[in-house]
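Take a look at the structure below.
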Amino acid sequence: MIVRILGEGQFELAESQIASLEELDQKLVAALDANDEPTFRAVLTRLVQSVRSEGTPVPADRFVPSKLTLPPETASLAELRELLASEDVGES
Amino acid sequence: MGVMKRLTNIVQAKANKVLDKAEDPRETLDLSYEKQIEQLQQVKRGLADVATAKKRIELQAQQLQQAASKLQNQARQALAQNREDLATQALTRRSGIATQLEGLKTQHDQLAQQQERLEATTQQLQARVEAFRTQKETLKASYTAAQAQTRIGEAVSGISESMSDTGLAMQRAQDKIAQMQARAGAVDELLASGTLTDLSGSSDPIQAELDKAAASGDVELQLAQMKAELNPPAAAPSGALGAGTPGASDEPVDGELVHDGPRATAAPTAPADPFTLDDAGGAS
């Protein structure tokens with residue numbers, strides 16, 4: 001399964017590693033909804049770092065779409081909110 | 001839906017927009033390659049913009065440092081002439097500079113981070129574009145094979161996703177540059193209007209009052225330090241420090257401070273960090 005970290009690149013992870021990412025993703029959504037910047041920061045860092053450490057970087061000559069996408073590690077809550085707001089426009 | 005899935009949809013929707021799909025998948029490969037080359041040039045221009053923005057902040061920090069040293073010298077002169085009111089004004093403005101410098105430092109750090117990111121992105125994109133160029137010829141040559149069409153589709157969506165990601169990275173960098181330019185414009189105006197250096201002008205008395213109130217704690221402290229410097233507890237009456245202005249105490253000061261008087265030669269020692277003021281006083 002291919003996961004992209006925005007601004008960084010793609011990583012390949014085993015299907016079995018995805019469940020723990022999904023769990024963290026739910027925490028990220030909760031932090032986003034609660035406008036809880038410290039939790040958001042901590043969860044995003046864990047999420048990005050686990051993809052980086054558990055995944056294998058996709059080589060430059062392999063062109064595959066990603067199944068999951070993570071914000072850049074340094075993205076603030078406001079920046080992610082803005083990014084997600086482009087969803088309606090993007091999907092039209 | 002989780003953040004990861006939503007972001008994937010967004011990035012891929014953007015990727016589809018970037019891409020001109022041609023009737024013939026082989027043409028799509030060429031079109032997509034042209035776009036990649038275009039984007040590579042855009043990222044390189046973006047990188048140059050970030051570097052310029054960073055440079056501008058560094059120059060401004062230097063200018064602010066100079067203004068701060070000048071104000072500190074002026075404050076010292078003012079105290080030597082028993083003009084505590086003027087010294088207070090000078091130190092208040094100096095403390096305003098410290099605030100500006102802090103803001104500049106934050107933006108400088110953010111830009112440096114963007115620059116690092118964009119550099120990595122550029123390198124990565126460069127490698128991918130190069131790999132894509134060779135692969136597209138192979139894919140075109142084998143196009144008649146039924147599976148080639150799927151492979152072309154996948155290769156194209158893979159690379160357009162990368163391009164959409166790069167586009168977002170550039171957007172982030174441009175946002176930081178825009179924020180920086182707004183502040184830089186304000187600092188330039190401040191420096192140009194002379195309100196930071198021209199003590200006698202007091203062109204904006206209300207702001208000066210506000211600044212004074214905000215910075216008074218700090219200023220009191222610095223005043224006390226300077227006084228201590230001027231009047232060493234056990235030494236002869238201000239020997240070295242008073243030497244530059246003989247008879248000054250008898251003459252009316254007129255609200256004007258001598259900008260390049262003998263005392264101004266106390267050269268400001270440049271601190272290692274251009275974004276913090278040397279609060280030790282910098283007495284030579």
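Proteins come first, then strands; the chains are lettered A, B, ... in the order of their sequence lines, and each starts at number 1. In this text the structure is predicted, and so the values were computed from the model without any measurement.
Salt-bridge check for B:Asp109 with B:Lys105: passed, with a basic side-chain N closer than 4.0 Å to an acidic carboxylate O.
Proximity to chain A involves both the backbone and the side chain of B:Ala155, based on heavy atoms less than 4.5 angstrom apart. With a 4.5 Å cut-off on non-hydrogen atoms, B:Gln135 touches chain A through its side chain but not through its backbone. For A:Glu79, the part lying under 4.5 angstrom from a heavy atom of chain B is the side chain only. For A:Arg62, the part lying under 4.5 angstrom from a heavy atom of chain B is the backbone only. Contacts between B:Val3 and chain A at a heavy-atom distance below 4.5 Å involve backbone atoms as well as side-chain atoms. Interface residue B:Leu168: only side-chain heavy atoms are found under 4.5 Å from chain A. Contacts of A:Gln10 with chain B are made by side-chain atoms alone, with heavy-atom separations under 4.5 Å and no backbone atom involved. Interface remark: A:Pro59 contributes backbone atoms only to the contact with chain B (heavy atom separation under 4.5 Å). With a threshold of 4.5 angstrom between heavy atoms, A:Ile18 does not approach chain B through any atom at all.
With respect to chain B, the highest number of heavy-atom pairs below 4.5 Å among A:Leu70, A:Leu47, A:Asp25 belongs to A:Asp25. If you tally non-hydrogen atom pairs under 4.5 Å between each of A:Val29, A:Leu80, A:Thr74, A:Leu21 and chain B, the highest count goes to A:Thr74. Between chain B and the residues A:Leu6, A:Val58, A:Val64, the most heavy-atom pairs under 4.5 angstrom are made by A:Leu6. Listed options A:Ile2, A:Leu68, A:Asp61 were ranked by heavy-atom pairs under 4.5 angstrom with chain B; first place goes to A:Leu68.
Under the 4.5 Å side-chain criterion, counting only non-hydrogen atoms from C-beta, A:Phe63 is not in contact with B:Glu154. For the pair A:Leu44/A:Val48, a side-chain contact is recorded, criterion being any heavy-atom separation below 4.5 Å from C-beta on.
A donor-acceptor distance shorter than 3.5 angstrom exists from the side chain of B:Gln60 to the backbone of B:Ala184, with no hydrogens or angles considered.
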Report task. Kindly indicate, with the supporting measurements, whether the criterion salt bridge (charged side-chain N to carboxylate O under 4.0 Å, His left out) is fulfilled by B:Lys176 and B:Asp49. Result -> CA-CA 11 Å; B:Lys176 297 289 181 226; B:Asp49 289 345; over 6 Å; no
Requested in this report: With side chain to side chain donor-acceptor pair (under 3.5 Å) as the test, would you mind laying out the steps for B:Ser162 and B:Arg128 before giving the verdict?
Outcome: CA-CA 9 Å; B:Ser162 294; B:Arg128 276 175 91 69; 2.9 Å; yes
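Note: B:Leu64 CG to B:Leu101 CG = 5.0 Å, rounded to the nearest 0.5 Å. Here the CZ-OG distance, from B:Arg94 to B:Ser69, works out to 7.5 Å after rounding to the nearest 0.5 Å.
Checking each of B:Lys54, B:Gln113, B:Glu58 against B:His108 for a side chain to side chain donor-acceptor pair (under 3.5 Å) leaves exactly one that passes, namely B:Glu58.
Residues passing the ring pair (Phe, Tyr, Trp, His ring centres under 6.0 Å) test with A:Phe11, sequence neighbours excluded: none.
Side-chain atoms of B:Gln171 and B:Asp175 form a donor-acceptor pair, as typed in the model, at a separation below 3.5 Å. For the residue pair B:Glu161 / A:Ser66, a side-chain donor-acceptor distance below 3.5 Å is found, with atom types taken as modelled.
Within residues 31-42 of chain A, the residues that have a heavy atom under 4.5 Å from a heavy atom of chain B are A:Leu32, listed by number.
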